[in-house]
Amino acid sequence: SKGDYPHYMLKEIHEQSTALRQTLSMALTDERIDESCLGDNAANILAGIEAVQICACGTSYHAGLVGRHLIETLAKRPCWVEHASEFRYRDPVVPANTLFVVLSQSGETADTLAALRYARTAGYAASLAICNVASSSLVRESDLQFLTQAGPEIGVASTKAFTTQLLGLDILALLLARHNGMDAITEAAITKHSLKKACFAVESVLSLDEQIRDIAQQLVDKQHTLFLGRGVMYPIALEGALKLKEISYIHADAYPGGELKHGPLALVDEDMPVIATAPGDKLFAKIQANLQEVEARGGQLFVFTDRPECFTASERCQVITMPHVDDILAPLVYTIPLQLLAYHVSVIRGNNVDQPRNLAKSVTVE
Ligand code: M6R
């Protein structure tokens with residue numbers, strides 16, 4: 001049931017800190033990630049892995065894009081990510097000792113299942129499903145499984161499944177790192193100071209709700225929106241844009257900030273809201289410069305940042321202050337306000353939030 005919430009989506013947004021806590025505690029034994037959270041044979045299999053191929057659809061694909069950054073940064077292993085619907089139609093060349101990873105809330109998405117079945121015949125070293133449904137086809141048909149503990153997700157717009165997938169990918173990246181030279185002290189520090197803080201960080205940004213509703217009010221009559229992010233935040237811009245178009249029916253595009261001047265800057269005028277995620281990470285100065293370009297063209301900026309002092313707030317540049325979090329947590333934490341933004345725009349427009357037109361919760365046909 002929805003309990004006291006008007007919609008499942010809002011309930012599920014609020015359940016994220018619990019979902020993260022449960023997902024992490026399932027993976028830990030004595031405060032350390034236990035390899036068996038991926039299955040009994042995980043240690044043997046992961047020891048031989050040198051590269052990762054991820055396939056997924058929609059929101060799960062965006063989690064995969066974040067996963068690439070995590071796997072390359074933490075485990076120093078090459079990682080490729082592809083839409084499951086495209087993957088099997090291009091005769092992929094399979095590098096030796098590559099783990100094939102599928103991400104899915106439902107575990108029944110036809111394209112993702114077909115990609116897994118294809119991969120199992122194509123020479124991958126092993127397969128892993130990061131999935132929210134224990135009894136699903138993806139879980140049954142893969143060699144390894146990581147079960148996110150998000151609980152049932154009813155709203156068609158995926159929320160808590162996504163953030164728990166991100167946590168699952170953090171865990172996978174750390175396990176691969178363990179087999180590729182990361183020392184136990186570094187791993188313990190990341191587990192303690194990043195992963196174990198995820199649920200608190202996510203909870204703390206829920207208090208931005210009123211401010212976000214105010215922004216939603218400013219978006220309801222717009223035709224188009226642009227989401228920007230850089231590095232690991234670009235997939236979060238993609239996810240923010242997908243959430244908005246899916247339930248508000250407002251056109252939303254997402255770009256890495258550096259691509260602006262290669263085309264989309266031509267769209268920017270006073271009727272174009274630009275929503276940016278700008279955590280104070282190594283690319284902060286880059287996104288800041290990109291946003292100055294938007295401002296100079298008269299765009300309407302909404303900036304989510306933990307460095308508000310670096311922006312001059314005005315009617316045309318509204319700054320939403322985010323908490324400081326470790327780089328590894330930023331994708332998780334910056335997702336929450338974008339989910340809330342899409343939710344409020346949808347509610348104000350009078351749409352069916354939980355059951356948007358033309359969409360199904362689980363896409364079991366190609
Ligand atoms: O169940 P899955 O994670 O495999 O579903 C994949 C997509 O269909 C799904 O994420 C879809 O994009 C959501 N409705 C997005 O909110």
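Counting convention: from 1, in listed order, for ligands and their atoms alike.
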Looking only at protein heavy atoms, what sits closest to atom 8 (O) of ligand 1 is Val363 CG2, 4.1 Å

With a heavy-atom distance limit of 4.0 Å, tell me whether Lys361 approaches ligand 1 through its side chain, its backbone, both, or neither. neither

Among Cys57, Gly58, Ala56, Ala84, whose heavy atom sits nearest atom 6 (C) of ligand 1? Cys57

For atom 4 (O) of ligand 1, the protein heavy atom that lies nearest, with its residue and separation: Thr109 OG1, 2.5 Å

Heavy atom to atom 14 (N) of ligand 1, shortest distance: which of Glu246, Gln339, Lys245 holds it? Glu246

Donor-acceptor contact present, side-chain Ser194 to main-chain Thr191, <3.5 Å: no

Show which atoms of ligand 1 fall inside a sub-4.0 Å distance from at least one heavy-atom site of Ser60. 2 (P), 3 (O), 10 (O)

Do Asp143 side-chain atoms and Ala126 backbone N/O form a donor-acceptor pair below 3.5 Å? no

Checking Gln105 against Ser60: is there a side-chain donor and acceptor pair closer than 3.5 Å? no

For ligand 1, is any non-hydrogen atom under 4.0 Å from Thr59's backbone (N, CA, C, O), its side chain (CB onward), both, or neither? both

Ser158 and Glu153: side-chain donor and acceptor closer than 3.5 Å? yes

Say whether Ser36 and Asp34, considering side chains only, have a donor N or O and an acceptor N or O under 3.5 Å apart. yes

For ligand 1, is there an N or O atom under 3.5 Å from any N or O atom of Lys243? yes

May I ask you to check whether over 12 heavy atoms, not counting those of Asp183, lie within 6.0 Å of atom CG? yes

For atom 1 (O) of ligand 1, what is the closest protein heavy atom, and at what distance to 0.1 Å? Ser106 OG, 2.7 Å

Please determine if Ala157 has a nitrogen or oxygen closer than 3.5 Å to a nitrogen or oxygen of ligand 1. no

Is the cationic atom of Arg349 (NZ for Lys, CZ for Arg) positioned less than 6.0 Å from the six-membered ring centroid of Tyr249 and within 45 degrees of its normal? no

